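This report concerns only the one structure given below.
Position 1 is the first residue of the sequence, and the numbers go up from there. No experiment lies behind these values; they were computed from the predicted model shown.
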Amino acid sequence: MKKLHLIILFFTISLFSSYAQIYKEKYLKDASKIALSWLNDINHSSYESAYNGLAKENKDQYPKKVWIKLINELMLEFGKLNSRTIISKNFKSSLEDLEDGFYVLLEFKSDYQKTKNHKEFIILKQNDQTDWVILDYNYEFNSLK
């Protein structure tokens, strides 16, 4: 009887672990699509659309006109995008200084006209409507000048 309980327990744990992995992969895939679409918007000057994809925290911090002006200046500094590749994807249920939730961290290797060794970093979070939104966008690069 004990052996049967252990088998059932092991089976149940394995089943939940498999489901968790499936959801993790789905979250990574869905969030990556949103991030790439958002980056595409900023690379093609669709700044209002990109602004709409930001998390509420960002919209509260930056009024739309201010954010659009800042992102436009940044894109002028980078120049035209030649290529972009995702180099890492991570799912987290908690991040330091943030409430527990669903987060995806993405790192991209990007090739812009006016920069070298360019990397872009995006943190997405799932909002209360379970939509993925951009919580943070960051970058590092060396200037060609």
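Separation of the Tyr139 and Phe78 ring centroids falls under the 6.0 Å cut-off.
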Listing, residues 33-42 side-chain donor-acceptor contacts under 3.5 Å, not counting sequence neighbours, or none:
| residue | atom | partner | partner atom | Å |
| --- | --- | --- | --- | --- |
| Trp38 | NE1 | Ala50 | O | 2.8 |
| Asn40 | OD1 | His44 | ND1 | 2.9 |
| Asp41 | OD2 | Ser49 | OG | 2.9 |

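Looking at residues two or more places apart in sequence or on another chain, you find a side chain to side chain contact (heavy atoms under 4.5 Å, CB included) between Lys59 and Tyr51, Leu54. Glu120 is linked by a side chain to side chain donor-acceptor pair (under 3.5 Å) to Arg84, Ser110, Tyr112, Tyr137, counting only residues two or more places apart in sequence or in another chain. With sequence neighbours excluded, no residue forms a side chain to side chain contact (heavy atoms under 4.5 Å, CB included) with Gln61.
Residue Asn127 holds its CG atom at 11.0 Å from CG of Leu135, rounded to the nearest 0.5 Å. The CG atom of Leu105 sits 10.5 Å away from atom CD1 of Ile122, with the distance rounded to the nearest 0.5 Å.
Sequence neighbours left out, the pairs with a member in residues 63-81 that pass side chain to side chain donor-acceptor pair (under 3.5 Å) are Tyr47-Asn72, Glu48-Lys64, Lys69-Glu73. Listed by first and then second residue, the side chain to side chain donor-acceptor pair (under 3.5 Å) pairs involving residues 95-106 amount to none (not counting sequence neighbours).
Judged by distance alone, the side chain of Asn90 and the main-chain N or O of Val104 form no donor-acceptor pair under 3.5 Å. When atom types are taken as modelled, the side chain of Asp136 and the backbone of Ile123 share no donor-acceptor pair closer than 3.5 angstrom.
Taking the side chain as every heavy atom from C-beta outward, Phe102 and Trp132 approach each other to under 4.5 Å.
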